[in-house]
Amino acid sequence: MRFVLSKSRLLLFGLLAATLHAQAGKRIALIIGNDAYNVSPLRNAVNDARLVEQGLKGSGFQTMLVENARKQDMDRVVGEFLDKIGPDDTALFFYAGHGVQIENENFLVPVDFTPGATISAAKFACLSVAQVFDELKRRRAKKNIVILDACRTNPVQSKYSLEGGLAKPQDAPKETFIAFSTSPGQTAADNPNGRNSWFTEALADYMSQPELTIELNEVLTRVKKRVADATEGRQTPWTTSNLTSGFYFHEPAGGASSDTTMLEKWLSDALVREQREEWADAAGLIERILEKKPGGRIEEAARRKLPYLVSRRDGQARYDAADFAASAALGKQALQADPFAVSAALHAVNGYLLADRIPEAVEMLKAVRARGDSASVDTANRMLKELAAAAPQAAKELETAAPPPPPIEELFAESRFGVPDMEAGKRYLAANPLDLTRWTKDLKMEVVMPAPLVVALSSAAPGTADPNAPATVKPIDIFHIEVVPTTETRNLRIRRPASAGPETDADFGYVDFNGPSSPIVYEGTQVVLPTKLKVPAGRYEIRAVDDGKVLNRQEIEVKPLSTQSYQVKRP
Amino acid sequence: VKLVFRRLLACLFVTLSAHAGILISRSDQGLQFTDAASLLFNGKEKVLSLGARPAAAGQLSKLPAAHLSAALLKDRDSGVLAQYSAGKVEYLVPQALVKGSPDDPAAVWKAAKIAFKQSSADKAGTEVPSDAFVAFLPGGLEELVRLCTDAQALALVGGKAKAAGTQMEWMSAVVRKYPNGPALAPIEQYLEGAMRTRYVAFENGTGGLDLLQQGLEFAKLSQAVYPNLPNQEKLRTELAERKAWLDRRIAILRALAVASQWDAYIIAARDFDRYRHAFPDAATQFQQALQESRQAHAKLAALRKQEGDYAGAYREFRAAAARKPSDSAVYEEAMQAWTEHSRRAAMEQQSRRTALGAGPRSTVERNLFFADQNRQAKKLDDAVKNVQEAEAVLKTALPAGAFSPESLKVLYMKAELLTAQERHAEALATLDAYDLLAVDEERTAADKLRNQLLFTMNTFLNNTRARIQSAWTEGNFAEAGRLAEQALRMKADDAEILYYAGMSAAVRRQSTQGRDLLTRYLEVSNTLDAKPEDRAKVVHLLPTLTAAPPPADGAANWLSGWKVPANTFYCPISVAFQPGIEHIEASGKLRVAFEWDNERLKSVTNAQEGGPSAGEKKIAFVYDDKVPQVIGASDDSGASKEAATLLRNNSQLDPIAVQSLTGRNVALGIAFNRFFNPFIWEKVYYFRLTYDEQGRVGSARELSGPKGSPGEQRLEFEWSGAQLMAIRGFLGSTKNYERTLQYQGGRLMSEEIQGQGKASRIRYTYAGNRLVSAETTNDTTLDNRSRKIAFRAGSASTVVK
């Protein structure tokens, strides 16, 4: 069977991408209010939903209001809601009605819910908040706001022997603000004498005041106070947030909802695009950032990134147009903008090879050998070996020993160390395995760096006798040995006169550690037993630390060019 | 007088030298050439015949005597001397056997004393060691030159598996020994031809790497002996550059493979297509590249889909589908990704939705109404104009980048009209654009239209494919081409249809169109679905579509219309005789008259006086001013008046392309006797012609009529450049005819005919630079008459250089 695909679509993609980027982010809200339950109907949830919708409309949200939603309605509208969310958007999900926690997971109860025989059946009959979170993660909206006024006494709690209220949410998406009408595990009142719940009444009131240009956290702080006052302390709304910037229902004059957040989002998106090798999109985002002239760190980062991305974008365009020589030249240009961009070098290699210009390709492979990780160096070597059959330059390059890697200072010269994004780091490492062993000799270590166990920085371990001891690296929950210079040794080193000239081997001695394999931590770096540690001559305290506690300590003196032995004993 | 006498003496000496025999022996310095008049074997000139095998069945002394009349070559494999002439080998032993001689001929020769006489006056001769003896060529340099290009002779003197190496050695030695002789012209031509044919065969994909290597070996020889001949220099460069390019390309492909850069590999392999047959490993690796690329794109597509990046997923699924278009699962995934992506994209676009003003909206609605009416009335062109007008209004009325509900209506109507016009690919593109703007229920109608469109397309294409194949198989190339063109309007990148469209164009002499279509075919069929044999055919055909036009100078041959270079006596593509004949007087009172209209032969009349067959027989030819060649021929037997020939230069159909693509040989030639004798005009004989690599008639098989069945008689033609060298006839595997042509200074001097155990001859006579007459002895292979031929005095065809 044969099929037909429209070839014009790819062109449309390009046009569309350009158009989309020209738009600002939207505010989109889904509001669900469920009263009409067969069991334990509510009075105010639909009113709450309507009231919130009014407030949200007034603050610029495109709203989707659903009342008394059955399970199928909830699934459908959630799907439609999610479909509308784009990467620059703010998505708000408000639910008023029954909610239930089952096995520490929150579920929103549709009006057609009929208690089934099993807990599993009950789960399937409800909308899982965790699933909504998962979908929100995929959408990568600029901000997510999830507000659940669903902590009322639930109708099935006793049937399934469930805990009351909602559970503390797990694994929320990034850039998400979550508000419950009361604390996890607690139940909220439906305000039997009013049209709206205490919580929603207060929330809608604040969000409906255009002059109230306060940040979302502040809004909820006020809501909390008002609800607590109204319920005489029986109900206190609860919030959690991992938003990295503020959100305003009504922005203060001058746009306090800072562009910075949006620009950071663009920057972050640009990096995602870069990783996906969607160069045009990545460059487009960076160019948009620069158009805003934000100044400071963001502009600096964008400005630094742009030449590389533009070269890659143009290089890809030339490649797609089968102009391989021009594409390769642009790859080379990209490499000049970012000497560690091995993918740019390999792109240039491909371009030159396709243009039948092996000598230039060899030059690029040389660059890969100098700055690539072990895998790419290996690839470069294998390519050179094949090219050597037809090009003497390749053979010559291959005969030359692999060039030494650049100094570690160069490696990290352009790096900015902020709050570590472990998730992004893991993703990056999964996609770009990096063999640090090529650079370990720059660390002046006696042995090859083992796989890092150190995962967090901390101040000196608790119980350390010397409060002036430098910050050490603490392997979490792992037995390790710390080598700490005494105050005297450290002071001597600090006060070492410049006239004494550079340190030589004569200024150092060795500590020979023996015993069971354990991490040895010295001045923030780590080696694993058995090892011989090179340290400046002086006095040191050797501490055996386990789970943050110093088990024992021993002072040793390391004399120049001498070796001290230390037997490690695990508890 | 003394001076004249000296000059005559010098001429005589030169003539004698030119025709003196040459003894070839081997020393530490290689082949040695010595003038020799004759040989003595154990002191005698006589030898005995062993027959065609280098072994004796009985006593050597009882063998029959052999008459020495040709070259004597030592069979390197057996060590036995043989007499060699035109492929015929007769093994010999000396008549004067040494006392106690062994019965083994090889041992006899090993023990024999071979001596050469420098002249008839030289009685004793000069001994040449038996082991050193290689050959004796009584025909002298001319024979030596001929031997250098005779593969059978070379295999004999050099060993069966070493003919190529032997040829190199011989040619090199000959050119070194006789650097400036005109007699060496055939070597120069041969060398050029050898390089050219090997280069062309390799480039066309008909020859393997061994041919290229041989070409390079010849190039080395050429460099050594003819370093400054521009034609040879050009060929040497081409061969060397091709080899260097191949070396680089293979290294590049391997480098890309080890780096798993499969997409780049596939691009790099495009230019390599036509050479892939010569590198089996590369062919396997190419399949791997396609497979790896497909898997990589499919994997990435799945990841993108998982991430919710449907645009990326669509792009990658599409890339995966391009590697294997028949993979319906990937196609479905691509379609789904498109739907997801376009829905989301359309949602994003809603902020650009703008209400159209009342005035423009009214105009757009009116145009849409008219378009619908015209569509229903089948006035599709008018309907398209209505849509274009609506589009123009929208463009003017809406802000840049915005769209309105009417925009969607216009796009939908446009898609419907394009569908009605069978411009399905454009209709699909329009629906794609629609999809990127439409939300919710707006998408339903477009989805339905798309489904209809796809169903119609797939049904039509499947049906049309079958019809195209049927037309092609029947040889109805015009119909196959028409159907393919129709299908391409619906789906421009369908590999199979492109294949038939391109081939139909190619065989119908639409070279430019054929080249474009087949080039496109090669691009889109570079997939795991490709039929390697189809691609190979196209790869071989494409260079012929870009072949240089025939030489512009020279006189057109009366039968083929092909312009042939000066001193070409037989047209290479029709084997028709080139010089125009005025009349022929044959023995037995037969007179043959030729009627010409300028250079076109209108008719030939055989007038027989007296006897039982008295009367006239006429052969007439039909021409068409639009084409250069004879289009019809008739004789008294009522032969076809049309489509008498289908030669290589036929302007309507390319028989070489037909054969290359279908395996069917449709080339048709005519002659007027069974053996292409130019002076015997019996009736029209039809032949199925086969052309060689250089486009010359390589063989011909007699047919019972223009559409008749093939007979037993087969002819093989030997050419040197454009000069016919020999015609050999075979009945089954038995040779029953041989005609060899002798040239001197580029002029055809004579033809020797052998058949039915008898020989006859044709002698040509020139006056200045014009062929004026010829005489033939009784040709027993045909009508056993002798002839006197007079050539046309005023015709350019009889002028020679």
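Within every chain, numbering begins at 1; the chains are lettered A, B, ... in the order of the sequence lines, protein sequences first and strands thereafter. Just the heavy atoms: all of them, side chains too, but no hydrogens, waters or symmetry mates, feed the values below.
Heavy-atom distances place both the backbone and the side chain of B:Arg254 under 4.5 Å from chain A. Proximity to chain B (any heavy atom under 4.5 Å) is shown, for A:Leu346, by neither the backbone nor the side chain. With a threshold of 4.5 angstrom between heavy atoms, A:Ile358 approaches chain B through side-chain atoms but not through N, CA, C or O. Looking at B:Arg270, neither its backbone nor its side chain comes within 4.5 Å of chain A, counting heavy atoms on both sides.
Counted within 6.0 Å of CZ on A:Arg313, heavy atoms from surrounding residues, nucleotides or ligands total more than 12; the atom is thus considered enclosed. Around the NZ atom of A:Lys57, the shell of radius 6.0 Å holds no more than 12 heavy atoms that belong to other residues, nucleotides or ligands. Surrounding CZ of B:Arg248 are more than 12 heavy atoms belonging to other residues, nucleotides or ligands, all under 6.0 Å away.
Rounded to the nearest 0.5 angstrom, A:Met383 CE and B:Gln261 CD are separated by 6.0 Å. Atoms CG and CG, on B:Leu256 and A:Leu354 in that order, are 6.5 Å from each other to the nearest 0.5 Å. Between atom OH of residue A:Tyr319 and atom CG of residue B:Asp263 there is a gap of 7.0 Å, rounded to the nearest 0.5 Å.
Ion pairing of B:Arg315 with A:Glu278 is present here, as a side-chain N (NZ or NE/NH1/NH2) and a carboxylate O approach within less than 4.0 Å. Remark: B:Asp309 engages A:Arg276 in a salt bridge, criterion side-chain N to carboxylate O under 4.0 Å. Salt-bridge check for B:Glu307 with A:Lys137: failed, with every basic side-chain N at 4.0 Å or more from each acidic carboxylate O.
For a heavy-atom cut-off of 4.5 Å, chain B lies close to A:Glu386, A:Leu387, A:Ala390 in residues 385-393 of chain A.
Formation of a donor-acceptor pair under 3.5 Å by the B:Arg344 side chain with backbone atoms of A:Asp83 is not found in this model.
Per-residue heavy-atom pair counts under 4.5 Å with chain A were compared for B:Leu453, B:Ile250, B:Asp529, B:Ile267, and the maximum is reached by B:Ile267. Ranking A:Leu384, A:Thr379, A:Asn350 against chain B, the residue ahead of the rest is A:Asn350, based on heavy-atom pairs under 4.5 Å. Ranking A:Lys84, A:Glu135, A:Glu80 against chain B, the residue ahead of the rest is A:Lys84, based on heavy-atom pairs under 4.5 Å.
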Practice problem: Go through the steps for A:Leu353 and B:Tyr265 under the test side-chain contact (heavy atoms from CB on, under 4.5 Å), then give the verdict. | Solution: CA-CA 10 Å; A:Leu353 291 181; B:Tyr265 182 102; over 6 Å; no

